[in-house]
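Predicted model, so just to flag it, every value in this text is computed and none were measured. Throughout, residue positions are numbered sequentially from 1 according to the sequence presented.
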Amino acid sequence: MVSVSGQGDGGTWPSGLDEAIRATAADIATTLRGAPDTGAPVPGSQWTVGEAAAHLAQANELMAHLADGKTRSYGDGTPHGLAEANQLALAAFAERRAEPLAAMIVEQADAFLRSATRPASPGELVTPMGPMSLDVLGSYLLTHMLGHGYDLARALGRPHMINRNRVELTLPFLITAMPRVVDTTATAGLTARFTVRLRGGARFGTTFTDGAVTVTPHPPGRPDCTILAEPVAFLLMALGRLGPWGAAARGHVLAWGRKPWLAPRFPTLFTAP
């Protein structure tokens with residue numbers, strides 16, 4: 001068993017991240033191995049189960065290579081560029097069977113964790129979403145698996161693998177990535193300060209100044225809008241799997257402050273990659 005807690009990038013590796021990566025990969029593999037047909041469609045996607053699983057297997061391999069210090073070009077960092085790179089990679093990779101893909105998803109998650117115990121460089125790594133430290137790359141890997149794992153679970157009628165602890169471990173990546181996926185048309189002219197709180201857990205701040213965004217691990221002073229979200233709903237909104245009105249209707253999101261009406265707009269200010 002690999003354990004990297006307290007190692008990696010100067011001792012900043014979050015406690016529990018290695019276990020979350022390993023367990024999420026295992027949960028996805030279990031979901032896949034019960035698939036009667038990998039040609040089934042994934043709800044809300046143009047991919048089949050086999051294509052989504054192949055993408056996950058490829059992405060885990062890419063992350064393992066990056067953690068090992070290998071340079072891999074993959075798109076241009078924009079949502080459109082990533083989507084284009086995904087399609088090109090899938091076209092060059094023919095495997096769509098459940099068992100081999102399940103095994104590869106687990107193997108490459110383990111390969112990532114092995115590389116994380118012996119980082120090739122103390123500096124930032126070049127990733128499809130820009131430069132990142134190793135611990136943020138680990139959070140990226142977890143976030144990516146949770147998003148596509150959720151899609152596979154829905155497609156196959158199985159329980160998803162997102163929970164509060166895993167959501168909190170996605171925050172280092174989300175905080176890093178949010179400025180890179182801002183919808184500049186949606187944010188044009190916007191000046192507002194948001195505090196986002198996960199129910200029973202972490203919080204962070206997002207400040208827009210005439211459309212320009214700054215995201216910090218700590219809330220801003222005197223926010224215009226405070227958003228309290230149930231953790232699973234928060235991640236699904238962040239990844240474009242759940243709309244703000246649907247989350248609010250289920251009681252999963254509450255908002256208050258001087259401008260609480262900004263809350264439903266908040267997720268629309270970003271384009272999920």
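- For the pair Asp18 and Arg114, the salt-bridge criterion is not met [side-chain N within less than 4.0 Å of a carboxylate O].
- Note on Trp261: it clusters hydrophobically with Leu190, by side-chain heavy-atom contacts below 4.5 Å among ILVMFWY residues.
- Remark: side-chain polar atoms of Arg250 are paired, donor with acceptor, to backbone N or O of Gly246 under 3.5 angstrom.
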Side chains of residues 79-94: which donor-acceptor pairs under 3.5 Å do they make with residues two or more places apart or in other chains?
from, atom 1, to, atom 2, distance (Å)
Asn86, OD1, Tyr74, OH, 2.7
Asn86, ND2, Leu82, O, 3.3
Gln87, OE1, Trp47, NE1, 2.7

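- Contact of the Pro131 side chain with the Thr127 side chain is not registered, since no non-hydrogen atoms from C-beta on lie closer than 4.5 Å.
- Side chain of Thr191 to backbone of Asp210: a donor-acceptor contact under 3.5 angstrom is found.
- Annotation for Ser15 and Leu169: closest pair O-CD2, 3.9 Å, computed over non-hydrogen atoms.
- A continuous path of hydrophobic side-chain contacts links Ile175 to Val181 [ILVMFWY only; heavy atoms under 4.5 Å].
- Taking the side chain as every heavy atom from C-beta outward, Phe234 and Val196 approach each other to under 4.5 Å.
- Looking only at distances, a side-chain donor or acceptor of Arg258 sits under 3.5 Å from a matching main-chain atom of Arg222.
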Working note: Val42 + Thr48, criterion side chain to side chain contact (heavy atoms under 4.5 Å, CB included); need CA distance, chi angles, decisive distance, verdict.
CA-CA 5 Å; Val42 172; Thr48 64; 5.8 Å; no
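- Considering every non-hydrogen atom in both Leu269 and Ala186, the closest pair reads CD2-O, 3.7 Å.
- Separating the NE2 atom in His55 from the CG atom in Asn60 is a distance of 9.0 Å, to the nearest 0.5 Å.
- Residues that satisfy the ring-ring contact (aromatic ring centres under 6.0 Å, His included) test with Tyr140, not counting sequence neighbours, are Phe173.
- With hydrogens and angles ignored, the 3.5 Å screen pairs a side-chain donor or acceptor of Asp224 with a backbone N or O of Arg193.
- Using cut-offs of 30° and 60° for the angle between ring planes, the Phe266 and Phe208 rings count as perpendicular.
- Here the CZ atom belonging to Arg166 is positioned 13.5 Å from the CD atom belonging to Glu168, to the nearest 0.5 angstrom.
- Summarising the geometry, atom CG belonging to Leu62 is positioned 9.0 Å from atom NE2 belonging to His144; distances are rounded to the nearest 0.5 Å.
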As a quick check of understanding, evaluate side chain to side chain contact (heavy atoms under 4.5 Å, CB included) for Leu56 and Met104, giving each step before the final call.
CA-CA 9 Å; Leu56 260 180; Met104 185 175 175; over 6 Å; no
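- In this structure, Arg158 and Thr31 have side chains that are in contact, with non-hydrogen atoms separated by less than 4.5 Å.
- Atom CD of Glu107 sits about 10.5 Å away from atom CD of Glu61, to the nearest 0.5 Å.
- Judged by distance alone, with hydrogens and angles left aside, the side-chain atoms of Asp68 form no donor-acceptor pair with the main-chain N or O of Lys70 at under 3.5 Å.
- Ile28 places none of its side-chain heavy atoms less than 4.5 Å from the side chain of His148.
- Val213 is listed as a side-chain neighbour of Thr206, based on a closest heavy-atom distance under 4.5 Å.
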Applying side chain to side chain contact (heavy atoms under 4.5 Å, CB included) to Phe194 and Arg265, what does each step give before you reach the verdict?
CA-CA 11 Å; Phe194 294 86; Arg265 184 180 173 189; over 6 Å; no
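- At a threshold of 4.5 Å between non-hydrogen side-chain atoms, the residues Met237 and Phe270 do not count as touching.
- Using a 4.5 Å heavy-atom cutoff, the side chains of Leu198 and Val167 are in contact.
- The CZ atom of Arg96 sits 5.5 Å away from atom CD of Glu51, with the distance rounded to the nearest 0.5 Å.
- Screening Thr226, Ile227, Leu254 for a side chain to side chain contact (heavy atoms under 4.5 Å, CB included) involving Arg197 leaves a single residue, Thr226.
- Rounded to the nearest 0.5 angstrom, Thr170 OG1 and Leu141 CG are separated by 12.0 Å.
- For the pair Ala64 and Ala111, the tightest heavy-atom approach, listed with the atom from each and the gap, is CB-CB, 3.9 Å.
- Remark: the backbone N or O of Ala233 is paired with a side-chain donor or acceptor of Glu230 at under 3.5 angstrom.
- A donor-acceptor contact shorter than 3.5 Å is absent between the side chain of Arg22 and the backbone of Asp110.
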Between Thr38 and Arg97, does a side chain to side chain contact (heavy atoms under 4.5 Å, CB included) hold up when you go through it step by step?
CA-CA 7 Å; Thr38 60; Arg97 293 173 297 161; 6.0 Å; no
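- Looking at heavy atoms from C-beta onward, Leu152 lies out of side-chain contact with His160 at the 4.5 angstrom threshold.
- Val215 and Leu228 are members of different hydrophobic clusters when ILVMFWY side chains are connected at heavy-atom separations under 4.5 Å.
- Remark: side-chain polar atoms of Arg241 are paired, donor with acceptor, to backbone N or O of Leu239 under 3.5 angstrom.
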